[in-house]
> 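Have a look at this one before I ask anything.
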Amino acid sequence: MTDKPFEVVAEIALQGLPTSSDIARIDDAVERARRSAPAVVRATLSPPARFRDGGYCLEARFVAWAADGPAAQAAVEALLRAAGVTARTVYLSGRALAAADVPPPAAPAGAGAGRAAARRPAAPARRRGARTAARPRDATPRGRAARPARGAAKGGRGARGGGRGR
């Protein structure tokens with residue numbers, strides 16, 4: 001494979017003051033689009049949005065596998081268009097990525113998709129407490145010591161009327 005990983009940075013333009021729900025919505029849209037783009041293996045948004053040039057922008061970092069930098073940049077631009085997000089700028093970060101540190105792109109859907117590894121049947125459900133042998137029950141509950149009856153600690157006859165008189 002001649003493709004290499006590239007880190008691409010995009011500044012996403014936002015309308016007005018964005019809330020956390022706006023940023024979460026954009027994150028979900030970008031992640032859905034990323035799943036359909038096999039070349040882009042990672043997408044990360046970096047909140048909070050910053051005010052620049054009269055508007056707010058949100059920085060997003062992508063890792064894309066491509067033959068060269070412009071191809072990686074084009075893959076990220078296509079992903080942002082598919083997500084319905086407007087980007088002010090898209091540029092290469094200049095950071096060197098090792099192929100061993102980045103997951104490889106997903107295989108195309110036609111290559112062996114029908115012959116996926118056979119799934120194992122699910123293990124039968126276990127009953128509660130069936131994992132271990134039955135334990136004998138103590139008179140004391142687990143985790144705390146037995147408590148004396150009310151008033152017994154004072155030497156009285158029970159909860160009321162015991163102890164010293166006043």
Side-chain angles (χ1 to χ4, degrees), residues 1-135 137 141-144:
M1 178 190 280
T2 60
D3 288 352
K4 298 180 290 188
F6 290 93
E7 185 178 48
V8 180
V9 178
E11 291 180 355
I12 298 172
L14 301 171
Q15 299 294 326
L17 178 64
T19 62
S20 61
S21 63
D22 294 335
I23 294 172
R25 181 182 46 79
I26 292 170
D27 190 23
D28 291 341
V30 167
E31 183 60 28
R32 273 194 309 271
R34 187 200 64 78
R35 287 188 196 126
S36 65
V40 181
V41 294
R42 190 180 302 156
T44 308
L45 268 70
S46 303
R50 297 184 188 130
F51 189 78
R52 280 193 198 152
D53 301 328
Y56 286 91
C57 66
L58 184 65
E59 184 181 276
R61 293 182 176 269
F62 301 90
V63 175
W65 284 82
D68 57 354
Q73 208 169 340
V76 169
E77 287 171 352
L79 179 138
L80 290 173
R81 263 186 261 112
V85 175
T86 308
R88 284 186 181 177
T89 57
V90 178
Y91 56 92
L92 294 171
S93 71
R95 186 173 145 205
L97 297 174
D101 296 338
V102 180
R115 293 180 291 188
R119 295 182 187 240
R120 257 190 332 188
R126 295 182 182 184
R127 292 183 305 132
R128 280 196 141 164
R131 291 182 295 192
T132 59
R135 293 185 209 129
R137 295 279 179 191
R142 292 188 179 269
R144 61 185 166 128

> Locate the shortest heavy-atom distance separating A72 from A66; write the atom from each residue and the value.
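What the structure gives for the nearest pair is N-CB, 3.5 Å.
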> Would you say the side chain of R42 lies within less than 4.5 Å of the side chain of R61, judging by non-hydrogen atoms?
no
> Measure the NZ-CH2 distance between K4 and W65 for me, rounded to the nearest 0.5 Å.
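It comes to 10.5 Å.
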> Strictly distance-based, threshold 3.5 Å: is any side-chain N or O of D28 a donor or acceptor partner for the main-chain N or O of R25?
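Not at all, since once roles are kept as given, no pair shorter than 3.5 Å links the two residues.
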> What I'd like to find out is whether the side chain of T44 reaches to under 4.5 Å of the side chain of F62, using heavy atoms alone.
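Side-chain contact under 4.5 Å: no.
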> Are I12 and R88 close enough that some pair of their side-chain heavy atoms sits under 4.5 Å apart?
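Side chain of I12 against side chain of R88, heavy atoms only: no contact under 4.5 Å found.
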> At what distance, to the nearest 0.5 angstrom, does CD of E59 lie from OG1 of T89?
9.0 Å
> Is any side-chain heavy atom of V8 less than 4.5 Å from a side-chain heavy atom of Y91?
no
> Between A37 and L79, which heavy-atom pair has the shortest distance, and what is it?
CB-CD1, 4.0 Å
> Side chains of V63 and L97: does their closest heavy-atom pair fall under 4.5 Å?
yes
> Does a side-chain heavy-atom distance below 4.5 Å link D22 with L14?
no
> If every non-hydrogen atom of A33 is compared with every non-hydrogen atom of S36, which pair is closest and at what distance?
O-OG, 2.8 Å
> Distance from E31 atom CD to I26 atom CD1, nearest 0.5 Å?
14.5 Å
> Compare all side-chain heavy atoms of L80 with those of V76 and state whether any distance is below 4.5 angstrom.
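They are in side-chain contact.
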> Decide yes or no for V90 and V9: does some side-chain heavy atom of the first lie under 4.5 Å from some side-chain heavy atom of the second?
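Not in contact.
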> Measure the spacing between CZ of F6 and CD of Q73 and express it to the nearest 0.5 Å.
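If we round to the nearest 0.5 Å, F6:CZ and Q73:CD are 10.5 Å apart.
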> If every non-hydrogen atom of A67 is compared with every non-hydrogen atom of D3, which pair is closest and at what distance?
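Smallest heavy-atom distance, with atoms named: N-OD1, 3.4 Å.
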